[in-house]
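Reading through the structure tokens given below for one structure.
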Amino acid sequence: MTKATVTPPPNFIRDIIEKDRKEGKNEGRVHTRFPPEPNGYLHIGHAKSICLNFGLAEEYGGLCNLRFDDTNPSREDVEYVDSIMEDVRWLGFDWKDRLFYASDYFEQLYEYALQLIKKGKAYACDLSADEVREYRGTLTEPGKNSPYRERSIEENVDLFERMRKGEFPDGSRTLRAKIDMASPNLNMRDPVMYRILRASHHRTGDKWCIYATYDWAHGQSDSIEGITHSICTLEFEDHRPLYDWFIEQLGIFHSQQIEFARLNLSYTIMSKRKLLELVEEGHVGGWGDPRMPTISGLRRRGYTSESIRDFCERIGVAKRESTVDIVLLEHCLREDLNERAQRMMVVLRPLRLVIDNYPEDQEEELDAVNNPEDPSMGTRKIPFSRVLYIEKEDFREDPPKKWFRLAPGQEVRLKHAYYVTCTDVIKDERTGEVVELHCTYDPESRGGWTKDERRVRGTLHWVSSSHSFPVEVRLYDYLFTAENPGETEEGSDFKSSLNPNSLDILSACQAEPSLKEAEPGTRYQFLRQGYFCVDTADSVPDALVFNRTATLRDTWAKIEKALKMSEK
RNA sequence: UGGGGUGUAGCCAAGCGGUAAGGCAGCGGCCUUUGGAGCCGCCAUUCGGAGGUUCGAAUCCUCCCACCCCAGCCA
């Protein structure tokens, strides 16, 4: 059950940490943090970061903080704070008593800012947002100094204090670091440290009307918490000189910023902004829709936290931008659930099958193994009778080559039960659709074996029509049809590749009786179909709803495809 | 045309001067009361390209090419 703990694969961050420890940097401490902004739900890309930060801390006997980077109240909400904590916990990580908020440091940050002003390293600037942009210059041309750059320290202190007191309207002034308007790195061209913004903060309410920017808040927060290795994504690489500059000017504990490539997954998007758009425009049922790449979506879909952590381990950590094939995620899920999920029989698209030589009033109970991978999961009883349902797609009137399933005259095994041979096909007179099959069974084949050991290639799942009960099953497909939905042609947006068939609801499925007691969240393998879980939102005891987490690998589909190809 | 990064198989990814790990996908085969699972085998004469250094280069040097990020008072 428990996988052998293998040494995690090497990566460049581990190399850095090991070098630091060897050199005795930070007394050998490893202290990381996961710093989400509470402006959306966590997705699988965050899971990579969470596993990295908490994983590294654990591996080196260190600590990992959970810190909310809540410096922009206009986009943040406690709903997100709560969901983020729930998701990190669900993934199996524990920040213990180290829950922090950048907003915890607002006062300290303000004091730090005063220090910079007094050192002549920051100034109040009256330029408007548009003017700041103009003065910044371009990628190839240097910027020019703000006319307010040379204000006296006294004036800057006074103005900054009055900014805090709310004497100036929103956007009318900023506090800027005085660095170098000609720097080739735009982040060093007097970056804004504070903006005036009258927005109620989810934690500090209306106490503040000036808010620190990311650049000003992040590194200092890391320093305050004694973070040794501040791991973030690649787009912050050119912020690092600024990160270092602030810390060095202040002369405070120096955290080290390290950047890695964020996760991209095929057939989905990871941008919080775009995910929000899907939610707000109703393309999905919410952040936790089972088709979403969010942690809550994956959870509701039936993913296990173990499989997600395994996935994060397997994809590695590097600086190369990459898009991981989503089939690897599915593989991790299947590998986990194959060992743990109880098998059940559910017919998704029922076709009536009557066993003509089985007595009408007879029924019996057959033994079924709950999980062939794990005998300790025991067995259960399954009722059998004259009238059954099998899967529509398990019958072909004109079977192709290599067809092992049911066809006129062909014998198959009903899993755990008997061999049956198809003797007659009943069709709807008007549509020609096959509506009922007649078979005969071999009473000697009880349990699925005969003494003559004759070969029966096909094994079908089934339910007894008088014992089974109806359930709803939701089949999910990728949310997008494009492999890289984020990379769109000029003029079209990512929603143009939304998959219209990402959700298929089957409301007339028939389930074996043992499923009646299924609790929300429980995962099963429906034999020959895939992994399913009881929906946690919509399922009720008398009307069960199952989500398909993933299909089983379908070798027959490949064979049939190859057959069709060779015919052409 | 400024600065910062990155190029190893279809997709990830090790490799750190001694002759290309591993996983996923794919392809064969075995096995199978799930066309599932499992097992066995195959899958880079070559590391973005060209030169150079070296007995020896994916690893070091030079030049070139491609792609990504940066001009929010977002993070």
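Labels below follow one simple rule: chain letters A, B, ... track the order of the sequence lines, proteins then strands, and each chain is numbered from 1. Reckoned from all heavy atoms, side chains included, excluding hydrogens, waters and symmetry mates.
An anti orientation is assigned to B:G28, its glycosidic angle lying beyond 90° of 0.
Judged by atom type and distance alone, A:Gln529 does not reach the base of B:U34 through any side-chain donor-acceptor pair under 3.5 Å. With hydrogens and angles left out, the side chain of A:Arg405 and the base of B:G35 share a donor-acceptor pair within 3.5 Å.
Each of A:Pro372 and A:Glu141 has a nearest nucleotide on RNA chain B; the 5'-most of these lies closest to A:Glu141. Nearest-nucleotide assignment on RNA chain B puts the 5′-proximal partner with A:Arg553, out of A:Arg553 and A:Asn187.
Among the heavy atoms of the strands, none lies under 4.0 Å from A:His461. Looking at heavy-atom distances under 4.0 Å, A:Trp216 makes no contact with the nucleic acid at all. Residue contacts for A:Thr459: at a heavy-atom cut-off of 4.0 Å it reaches the sugar-phosphate backbone alone, with no base atom in range. At a threshold of 4.0 angstrom between heavy atoms, the contacts of A:Phe236 include nucleobase atoms, whether or not backbone atoms are also involved. When heavy atoms are screened at a 4.0 angstrom cut-off, A:Leu242 is found touching no nucleic acid atom at all. Using a 4.0 Å heavy-atom distance criterion, A:Arg240 is classed as making no nucleic acid contact. Here A:Glu373 lies in heavy-atom contact (under 4.0 Å) with a base. The residue A:His218 sits apart from the nucleic acid: no heavy atom pair falls under 4.0 Å.
The stretch residues 66-77 of chain A comes close to RNA chain B through A:Asp69, A:Thr71, A:Asn72, A:Arg75, each having a heavy atom under 4.0 Å from the strand.
With both ends at atom P, the span from B:C61 to B:G5 equals 15 Å, rounded to whole Å. Taking atom P on both B:C16 and B:C73, the two are 44 Å apart, rounded to the nearest angstrom. Taking atom C1' on both nucleotides, B:A25 is separated from B:U32 by 23 Å, rounded to a whole Å. A distance of about 11 Å separates the C1' atoms of B:G17 and B:A58, rounded to the whole Å. Using atom P as the reference point in both B:C47 and B:G23, the two lie 23 Å apart (nearest Å).
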Produce the list of close N/O pairs, under 3.5 Å, pairing protein atoms with atoms of nucleotides 12-16 of chain B; give distances to one decimal.
| residue | atom | partner | partner atom | Å |
| --- | --- | --- | --- | --- |
| B:C12 | OP1 | A:Thr323 | N | 2.9 |
| B:C12 | OP1 | A:Thr323 | O | 3.4 |
| B:C12 | O5' | A:Thr323 | O | 3.3 |
| B:C12 | O2' | A:Ile315 | O | 3.0 |
| B:A14 | OP1 | A:Val317 | O | 3.3 |
| B:C16 | N4 | A:Asp15 | OD2 | 3.4 |

At a cut-off of 3.5 Å, list every protein nitrogen or oxygen paired with a nitrogen or oxygen from nucleotides 39-43 of chain B, distance to 0.1 Å.
none

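A:Glu167 CD: more than 12 foreign heavy atoms inside a 6.0 Å radius.
For A:Leu527, counting side-chain heavy atoms from C-beta on, the closest listed nucleotide (B:U34, B:A25, B:G72) is B:U34. Listed nucleotides: B:U1, B:G35, B:A71. Nearest to the side chain of A:Thr138: B:A71. Side-chain proximity of A:Asp238 to B:G4, B:G36, B:A71: nearest is B:G4. Closest to the side chain of A:Glu237, from the set B:A25, B:A71, B:G5, is B:G5. Distance from the side chain of A:Thr140 is smallest for B:U1 among the nucleotides B:U1, B:G35, B:A71. Closest contact between the side chain of A:Asn338 and the listed nucleotides B:C70, B:G36, B:C69 involves B:G36.
The pair A:Glu225-A:Arg67 meets the salt-bridge criterion, since a charged nitrogen lies less than 4.0 angstrom from a carboxylate oxygen. Between A:Arg405 and A:Glu391, no side-chain nitrogen of the basic residue sits less than 4.0 Å from a carboxylate oxygen of the acidic one, so the salt-bridge criterion is not met. In summary, A:Lys381 and A:Asp367 engage in a salt bridge, as defined by a charged side-chain N under 4.0 Å from a carboxylate O.
Residues that satisfy the ring pair (Phe, Tyr, Trp, His ring centres under 6.0 Å) test with A:Tyr112, not counting sequence neighbours, are absent from this structure. In this view, A:Phe260 satisfies the ring pair (Phe, Tyr, Trp, His ring centres under 6.0 Å) rule with no residue, not counting sequence neighbours. Remark: A:Glu23 engages A:Lys19 in a salt bridge (Lys or Arg N to Asp or Glu O under 4.0 Å) (not counting sequence neighbours). Under the rule for a salt bridge (Lys or Arg N to Asp or Glu O under 4.0 Å), A:Arg553 has no partner lying at least two apart in sequence or in another chain. In this view, A:Tyr101 and A:Phe68 satisfy the ring pair (Phe, Tyr, Trp, His ring centres under 6.0 Å) rule, not counting sequence neighbours. Scanning for salt bridge (Lys or Arg N to Asp or Glu O under 4.0 Å) contacts around A:Glu131 gives an empty result, with sequence neighbours left out. Every residue meeting the salt bridge (Lys or Arg N to Asp or Glu O under 4.0 Å) condition with A:Arg454, not counting sequence neighbours, appears here in chain and number order: A:Glu411, A:Asp442, A:Asp452. For A:Phe395, the ring pair (Phe, Tyr, Trp, His ring centres under 6.0 Å) test picks out no residue, with sequence neighbours left out.
The stretch residues 9-18 of chain A participates, sequence neighbours left out, in these salt bridge (Lys or Arg N to Asp or Glu O under 4.0 Å) pairs: A:Arg14-A:Glu59.
For B:G35, the OP1/OP2 oxygens have no side-chain nitrogen or oxygen of A:Arg457 closer than 4.0 Å.
Taking a pair to require two hydrogen-bonding distances under 3.5 Å in either a Watson-Crick or a G-U wobble arrangement, B:A58 remains unpaired.
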